[in-house]
Amino acid sequence: MRGNYLLRQLHSSCSIPSYNFQSAKPKNSYPSKKKLTSQNNKLQNSSTTDSDIVKWNIAITTHMRHGQCECALRVFNSMPRRSSVSYNAMISGYLQNHKFDLARDLFDKMPDRDLFSWNVMLTGHVRNRDLNTARALFERMPERDIVSWNAMLSGYAQNGFVDEAREIFDKMPHKNEISWNGLLAAYVQNGRIEDAKRLFESKMDWTIVSWNCMMGGFVRKRRLVDARRVFNRMAVRDEVSWNTIITGYAQNGEMEEARRLFEESPIRDVFTWTAMISGYVQNGKLDEARSIFDRMPAKNSVSWNAMIAGYVQRKRMDMARELFEAMPSRNVSSWNTMITGYARSGDIAHARNLFDSMPQRDSISWSAMIAGYSQNGCSEEALHLFVEMQRDGERLNRSSFTCALSTCSSIAALELGKQLHGRLVKAGYHTGWYVGNALLAMYCKCGSIDNAHDAFQEILEKDVVSWNTMIHGYARHGFGEEALTVFELMKTAGIRPDDATMVAVLSACSHAGLVDKGSEYFYSMNRDYGITANSVHYTCMVDLLGRAGNLEEAQNLMKNMPVKPDAATWGALLGASRIHGNTELGEKAARIIFEMEPHNSGMYILLSKLYAASGRWSDAGKMRLEMKNKGVKKVPGYSWLEVQNKIHTFKVGDTSHPHTDKIYNFLEELDLKLKEEGYVSSTKLVMHDVEEEEKVHMLKYHSEKLAVAYGILFVPPGRPIRVIKNLRVCEDCHNAIKFISRIVGRLIILRDNHRFHHFEGGSCSCRDYWMSGGNLVALSNPLIRAGISKTTPTFAKYYKLLFLYLEYANMRICSDTLLDRVQDRKEVQGKVLCCSKHEVVGELSLTQTDDEDGMYANVRPYSL
DNA sequence: GCTAATCTCC
């Protein structure tokens with residue numbers, strides 16, 4: 001009864017060609033094997049002809065292609081006689097529609113499985129990325145043909161098992177062009193472009209698919225010259241060939257060449273048009289993208305999404321929304337793009353709204369929402385959603401693993417990341433190239449640089465992204481020399497540095513204070529690698545010069561930039577002004593940034609701190625007021641750490657943690673010890689104009705201090721304490737944590753929104769050479785290591801000499817008198833005490849001379 | 001005439 005009802009429903013929703021269903025009794029379940037056989041026998045002599053069966057089979061295929069499994073089943077069940085093709089079409093259709101169990105049931109019940117059936121099942125497992133089952137099936141097959149071998153080969157290839165793919169290739173009894181291409185694709189897809197190239201050159205008669213594959217491999221490696229050579233050598237070209245080369249140029253910013261080929265191309269399909277749109281979008285040319293989009297004859301969802309993504313990038317959510325509403329069929333990507341857009345423009349509520357109302361979510365939706373929370377300072381919501389995602393059972397395939405890993409990166413969930421790594425290995429996804437890069441990035445961003453290095457070593461063929469990630473990782477952890485060593489290795493390995501590499505290299509120099517080296521790289525990168533400096537490179541240089549006190553040269557560089565300095569560049573100058581107490585310049589930079597980004601809360605706070613540090617309380621107050629009036633929201637500061645798979649979050653003065661009493665008591669104890677050790681709190685950094693004692697109190701309970709205290713209490717001894725803060729670490733906390741690391745004898749790794757700090761034995765890996773507050777930079781400064789390039793006259797020279805001297809002598813400054821004078825740009829005559837790591841060893845005196853540097857440094861050792 | 005294996009776009 002119920003079955004009949006269902007059938008009627010199905011029947012009315014199907015649009016099948018008019019076949020005669022009268023001759024068979026409809027069934028809504030599979031006949032048993034035994035029954036089938038007898039039925040086949042019974043109908044053996046009926047009037048059904050082979051050509052009728054073929055017609056029914058076509059109907060099955062058509063339904064399956066449209067995702068109408070029930071309709072296909074109805075046809076199948078109503079057939080008076082079925083051939084093995086009918087079964088195969090059903091099984092194949094089920095697999096295409098991800099009805100895995102139904103496919104297997106039918107396969108098991110099928111009376112006479114032929115080679116075709118086995119192959120269908122095999123490829124089903126392969127497409128389902130279930131390689132173990134695929135292999136087991138492959139071994140069980142009564143006979144195999146070239147299709148079976150090729151399916152197995154491509155299965156391994158697509159899942160990162162290049163060596164296994166090669167093994168299959170070598171073992172197979174016969175090879176055809178698909179086998180050859182399968183191996184070639186294995187190399188290309190897994191980034192082993194040199195192996196691919198060797199294979200390609202070893203043989204002449206490749207089909208067009210392989211030519212395209214080889215060309216696509218070069219494009220993915222951004223080796224456009226090689227790609228173009230392949231394209232030019234091709235005897236025949238199809239649409240894919242044109243699309244690949246056009247995409248190649250478009251993705252690498254060479255839009256003129258892309259456009260030329262686009263006009264020249266004899267055939268343009270939806271891919272060609274879309275490639276042009278996303279090319280223009282990626283190069284920031286939204287109007288050109290839109291005009292192509294409007295001209296485009298038939299758009300698919302990818303074209304719409306590309307255009308929406310363009311508006312999203314520019315934070316034009318109004319335009320994005322308009323297209324989103326207008327597009328005929330939205331897919332998951334469309335929703336995901338919109339979610340990302342709202343999240344990036346800070347409209348987290350709208351993002352969440354879309355997330356909740358979307359018809360289907362994939363792992364990217366989850367990641368986008370989690371990333372959105374995390375970027376908007378809602379770390380708790382981000383973590384919460386991450387747990388919810390796993391509870392929701394979001395299936396982790398290769399790409400969602402990558403997404404999940406990058407989520408771990410963005411919230412620095414190292415333990416979760418490690419668990420994912422374990423599951424990756426279990427699933428057999430850990431080899432292969434882009435998962436390797438994601439793992440590497442995860443460990444870098446979660447603060448485990450040693451694990452990162454291991455992950456890096458395990459990537460078989462490192463591509464430019466792998467190298468860049470490693471260099472950048474070291475840079476962010478303050479290991480400048482290591483970063484530059486990796487850079488040298490990269491060149492030795494024959495990988496050509498790209499613009500991202502140079503950003504990583506310059507920021508390594510900046511984080512390590514290697515001014516000379518940085519300048520050298522900057523000025524030679526065009527000559528050596530053909531890389532034109534972009535605004536990011538300029539920002540790195542302004543940062544590098546500015547932090548080192550060379551504000552004039554930094555400004556000159558900005559004046560001579562080929563493009564107008566952007567907010568980030570001005571931000572670097574502002575940061576440097578702050579370090580060196582140049583309120584005037586800082587103010588100028590901040591004003592310009594306000595005009596460019598009126599809602600950037602970080603800038604208000606920075607300027608406010610700049611005023612506060614120089615005692616201009618009323619100006620600091622005005623900034624806060626202005627912020628309030630303009631409705632700029634301050635991102636609340638949070639610190640968190642993972643202990644035994646739980647994330648513990650703290651905000652300033654937090655008393656909500658169950659162990660609050662323990663934490664605060666411990667901090668009081670610690671405070672006494674800190675004072676004994678000679679720590680003085682930097683009250684200049686507290687923004688508000690409050691009483692001194694109150695300021696000390698406020699500093700004592702910053703979120704990072706609470707988190708560190710909790711870590712010391714609850715992370716097992718011997719393990720590093722890993723704390724993450726969503727904003728930049730407070731300078732006073734930075735200073736205190738250095739002392740704390742010595743007092744408790746623990747390694748404390750703190751990730752702020754800019755870089756990593758490894759605190760150990762009383763010092764930090766950043767060497768205090770990071771954007772700090774007021775003119776306090778030298779107060780707490782161990783081992784300043786810097787060199788200054790061609791210095792402009794006055795104080796930078798003194799710095800240079802002083803720093804070089806101290807670096808040479810492996811000593812640190814222990815007094816701020818000298819540097820205070822330097823910052824006043826007065827003549828340097830003061831005396832400073834020099835210390836080895838913790839002990840005063842002598843007195844440094846600087847005297848004016850007539851030599852090139854104008855200064856002479858001398859250390860008079862203390863005799864004990 | 002139907003069913004299986006290789007390449008390009010968000």
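Excluded from the calculations below are hydrogen atoms, water molecules and symmetry mates; all remaining heavy atoms, backbone and side chain alike, are included. Naming: A, B, ... by sequence-line order, numbering from 1 per chain.
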Would you classify [X] as touching base, sugar-phosphate or nothing, given that sugar-phosphate means primed atoms plus P, OP1 and OP2, and contacts are heavy atoms under 4.0 Å?
{"X": "Arg144(A)", "result": "nothing"}
{"X": "Asp238(A)", "result": "nothing"}
{"X": "Asn331(A)", "result": "nothing"}

Return the nearest nucleotide to the side chain of [X]; candidates are [options].
{"X": "Ile178(A)", "options": "dA5(B), dC9(B), dC2(B)", "value": "dA5(B)"}
{"X": "Val302(A)", "options": "dT6(B), dT8(B), dC9(B)", "value": "dC9(B)"}
{"X": "Arg127(A)", "options": "dC7(B), dA5(B), dG1(B)", "value": "dA5(B)"}
{"X": "Val120(A)", "options": "dA5(B), dA4(B), dC9(B)", "value": "dA4(B)"}
{"X": "Asn119(A)", "options": "dT3(B), dA4(B), dT6(B)", "value": "dA4(B)"}
{"X": "Arg65(A)", "options": "dT3(B), dC10(B), dT8(B)", "value": "dT3(B)"}
{"X": "Asn88(A)", "options": "dT3(B), dT8(B), dC9(B)", "value": "dT3(B)"}
{"X": "Ala89(A)", "options": "dT3(B), dT6(B), dC2(B)", "value": "dT3(B)"}
{"X": "Ser154(A)", "options": "dC10(B), dA4(B), dA5(B)", "value": "dA5(B)"}
{"X": "Val147(A)", "options": "dA4(B), dT3(B), dT6(B)", "value": "dA4(B)"}

Q. If we ignore angles and hydrogens, is there a donor and acceptor under 3.5 Å between the side chains of Tyr280(A) and Arg290(A)?
A. no
Q | Centroid-centroid distance, Phe107(A) to Tyr87(A), less than 6.0 Å | A | no
Q) Do the numbers put Lys203(A) on top of the ring of Trp180(A), so that NZ or CZ is under 6.0 Å from the six-membered ring centre and no more than 45° off the axis? A) yes
Rounded to whole angstrom units, what separation is found between the [atom1] atom of [X] and the [atom2] atom of [N]?
{"X": "Asn212(A)", "N": "dT8(B)", "atom1": "CG", "atom2": "P", "result": "9 Å"}
{"X": "Arg268(A)", "N": "dC9(B)", "atom1": "CZ", "atom2": "C1'", "result": "17 Å"}
{"X": "Leu323(A)", "N": "dC10(B)", "atom1": "CG", "atom2": "C1'", "result": "14 Å"}
{"X": "Met121(A)", "N": "dA5(B)", "atom1": "CE", "atom2": "C1'", "result": "16 Å"}
{"X": "Ile58(A)", "N": "dG1(B)", "atom1": "CD1", "atom2": "C1'", "result": "5 Å"}
{"X": "Leu184(A)", "N": "dT6(B)", "atom1": "CG", "atom2": "P", "result": "14 Å"}
{"X": "Met90(A)", "N": "dC2(B)", "atom1": "CE", "atom2": "P", "result": "18 Å"}
{"X": "Asn300(A)", "N": "dT8(B)", "atom1": "CG", "atom2": "C1'", "result": "12 Å"}

When you check the phosphate oxygens OP1 and OP2 of [N], does a side-chain N or O of [X] lie under 4.0 Å from one of them?
{"X": "Thr247(A)", "N": "dC9(B)", "answer": "no"}
{"X": "Gln189(A)", "N": "dT6(B)", "answer": "no"}
{"X": "Gln251(A)", "N": "dC10(B)", "answer": "yes"}

Q. Pick one: which of Asp145(A), Asn88(A), Asp114(A) meets side chain to side chain donor-acceptor pair (under 3.5 Å) with Asn119(A)?
A. Asp145(A)
Q. Among Asn437(A), Asp498(A), Asp499(A), which one satisfies side chain to side chain donor-acceptor pair (under 3.5 Å) with Asn468(A)?
A. Asp498(A)
(Q) Any salt bridge linking Glu167(A) with Lys171(A)? Criterion: basic side-chain nitrogen under 4.0 Å from a carboxylate oxygen. (A) yes
Q.
Are dT3(B) and Phe116(A) stacked, with the base six-membered ring and the side-chain ring centres under 5.5 Å apart and planes under 30°?
A. yes
Q) Does any N or O donor sit under 3.5 Å from an N or O acceptor when you compare the side chain of Ser333(A) with the base of dC10(B)? A) yes
